[in-house]
Amino acid sequence: MPELPEVETVRRGLHHLVSGYRIVQANDLHPRAVKSESLAPLSSLQGARITGTGRRGKFLWITLDRPLVLVAHLGMSGQFLIAQKDRPAAKHIRAHFALKKSLRKLDLVFNDQRTFGWLSVEEMSDGVPTSASHIARDPFDPDFDFQATVAKLAKRNVRIKSALLNQEIMSGVGNIYADEALWRAQVHPESVTSEMSAKKIAAVIESATQVMAEAIAQGGTSFDDLYIDVNGESGFFDQSLAAYGQEDEPCPRCGTLIKRIVISARSSHFCPRCQRKKK
DNA sequence: TTATGTGTTCCCAA
DNA sequence: CTTGGGAACACATA
């Protein structure tokens with residue numbers, strides 16, 4: 001399931017490959033492919049030219065030469081793929097776009113095994129599509145307010161792991177990068193935010209930003225071919241994971257075996273020696 | 001057959 | 001009204 005680094009990898013790929021192309025044809029191929037709140041069906045985008053891309057947290061959008069955007073959320077398994085002859089056809093295609101730029105033609109598909117992802121046609125409001133208006137800025141947003149985010153976390157009464165997954169406090173972090181950020185900051189995932197020092201909270205945000213920046217540089221994390229970019233390529237950050245998915249493997253910092261616990265129905269991986277609740 | 005999964009939203013209780 | 005926790009959503013794989 002794509003988190004910010006994977007969504008950003010997809011956005012960059014799309015930006016590079018489809019900017020300037022005109023949507024010749026657009027069709028949804030599954031009843032849940034397009035959000036019910038969508039202002040219009042995908043077919044209404046026929047004739048529009050793609051001018052660029054945008055992202056906040058895990059929400060992604062394609063801008064057009066009209067006052068509407070095509071918004072996408074990849075959910076747990078959504079993919080944008082450029083069809084290529086030498087690649088087997090994707091098995092869960094939910095939407096298809098035929099694109100054209102002078103004599104060049106491209107087929108862009110939205111593929112999604114688990115159908116938690118969606119597309120929708122929306123208006124922009126305050127710099128983001130309406131469906132993302134409740135999503136907090138991510139740490140790569142030029143207007144991200146670091147101190148305000150520390151303060152917001154400090155007054156919550158939740159476990160830090162849950163707070164990191166809350167996209168209304170700070171967006172972009174999912175289960176993988178939450179575990180990695182906490183490992184780097186040496187914070188126990190069950191530490192309660194209101195009991196943490198501002199310095200510790202700041203360290204967690206800094207670690208999250210740093211680990212996501214490194215992951216973007218590696219093209220994201222791919223465990224299997226569920227996460228791949230628009231060209232079908234996997235990212236390499238899985239080789240750099242210190243905690244996530246490393247149950248019973250030695251902590252890269254101290255050698256203690258990484259432990260797995262469940263916090264609000266999600267797996268959390270941490271080092272029981274260097275991530276203590278009291279610190 | 002059962003457990004698990006990179007996410008979000010909705011419902012309920014405090 | 002606000003906040004936090006858990007279930008639900010759907011499908012594939014181990």
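Numbered from 1 within each chain, the chains take letters A, B, ... in sequence-line order. Predicted model only: the values in this text are computed from it and were never measured.
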**OP:** Let me know, please, whether A:Arg156 or A:Ala265 comes out on the 5' side of the other along DNA chain C by nearest nucleotide.
**Re:** A:Arg156

Original post:
Hey, does A:Tyr177 reach any base, or is it just sugar-phosphate, or nothing, if we go heavy atoms under 4.0 Å?
Top reply: nothing

**OP:** Tell me whether the OP1 or OP2 atom of B:dT8 has a side-chain N or O from A:His134 closer than 4.0 Å.
**Re:** no

Original post:
Does a side-chain N or O from A:Arg266 land closer than 4.0 Å to OP1 or OP2 of B:dG7, or not?
Top reply: yes

Picking from [options], which would you name as closest to the side chain of [X]?
| X | options | result |
| --- | --- | --- |
| A:Arg114 | B:dG5, C:dG6, B:dT8 | B:dG5 |
| A:His92 | C:dT3, B:dG5, C:dC11 | C:dC11 |
| A:Gln113 | B:dG5, C:dG6, C:dG4 | B:dG5 |
| A:His73 | B:dG5, B:dT8, C:dG4 | B:dT8 |
| A:Ser267 | B:dT8, C:dG6, B:dG5 | B:dG5 |
| A:Met76 | B:dG7, B:dT9, B:dT4 | B:dG7 |
| A:Arg159 | B:dG7, B:dT9, C:dG6 | C:dG6 |
| A:Arg32 | C:dC11, B:dT4, C:dG6 | C:dC11 |
| A:Thr115 | C:dA10, C:dG4, B:dT8 | C:dA10 |

Figure out the [atom1]/[atom2] separation between [X] and [N], and round it to whole Å.
| X | N | atom1 | atom2 | answer |
| --- | --- | --- | --- | --- |
| A:Leu74 | C:dC9 | CG | P | 22 Å |
| A:Leu60 | B:dT8 | CG | C1' | 16 Å |
| A:Asn111 | C:dA12 | CG | C1' | 13 Å |
| A:Phe223 | B:dG7 | CZ | P | 10 Å |
| A:Leu165 | B:dT9 | CG | C1' | 14 Å |
| A:Phe59 | B:dT8 | CZ | P | 6 Å |
| A:Glu168 | B:dT9 | CD | P | 8 Å |
| A:Asn166 | C:dG6 | CG | P | 15 Å |

Original post:
Do other residues, nucleotides or ligands put more than 12 heavy atoms under 6.0 Å from the CZ atom of A:Arg273?
Top reply: no

Subject >> ILVMFWY network linking A:Trp183 to A:Phe270, side-chain heavy atoms under 4.5 angstrom >> reply: no

Original post:
Quick one: are A:Lys100 and A:Val24 in side-chain contact, heavy atoms under 4.5 Å?
Top reply: yes

Subject >> Base-pairing assignment for B:dG7 (Watson-Crick or G-U wobble, both under 3.5 Å) >> reply: C:dC9

**OP:** Mind listing the closest non-hydrogen atom pair of A:Phe140 and A:Thr209 along with its distance?
**Re:** CZ-O, 3.5 Å

Original post:
Mind checking the P distance from B:dC11 to C:dA10? Whole angstroms is fine.
Top reply: 15 Å

Original post:
Parallel, tilted or perpendicular: which fits the ring planes of A:Tyr177 and A:Phe237, with parallel below 30° and perpendicular above 60°?
Top reply: tilted

Original post:
Within 45 degrees of the axis of the six-membered ring of A:Trp61 and under 6.0 Å from its centre: does A:Arg56 put its NZ or CZ there?
Top reply: no

Original post:
Is the aromatic ring of A:Phe116 within stacking range of C:dC9, meaning centres under 5.5 angstrom and planes under 30 degrees?
Top reply: yes

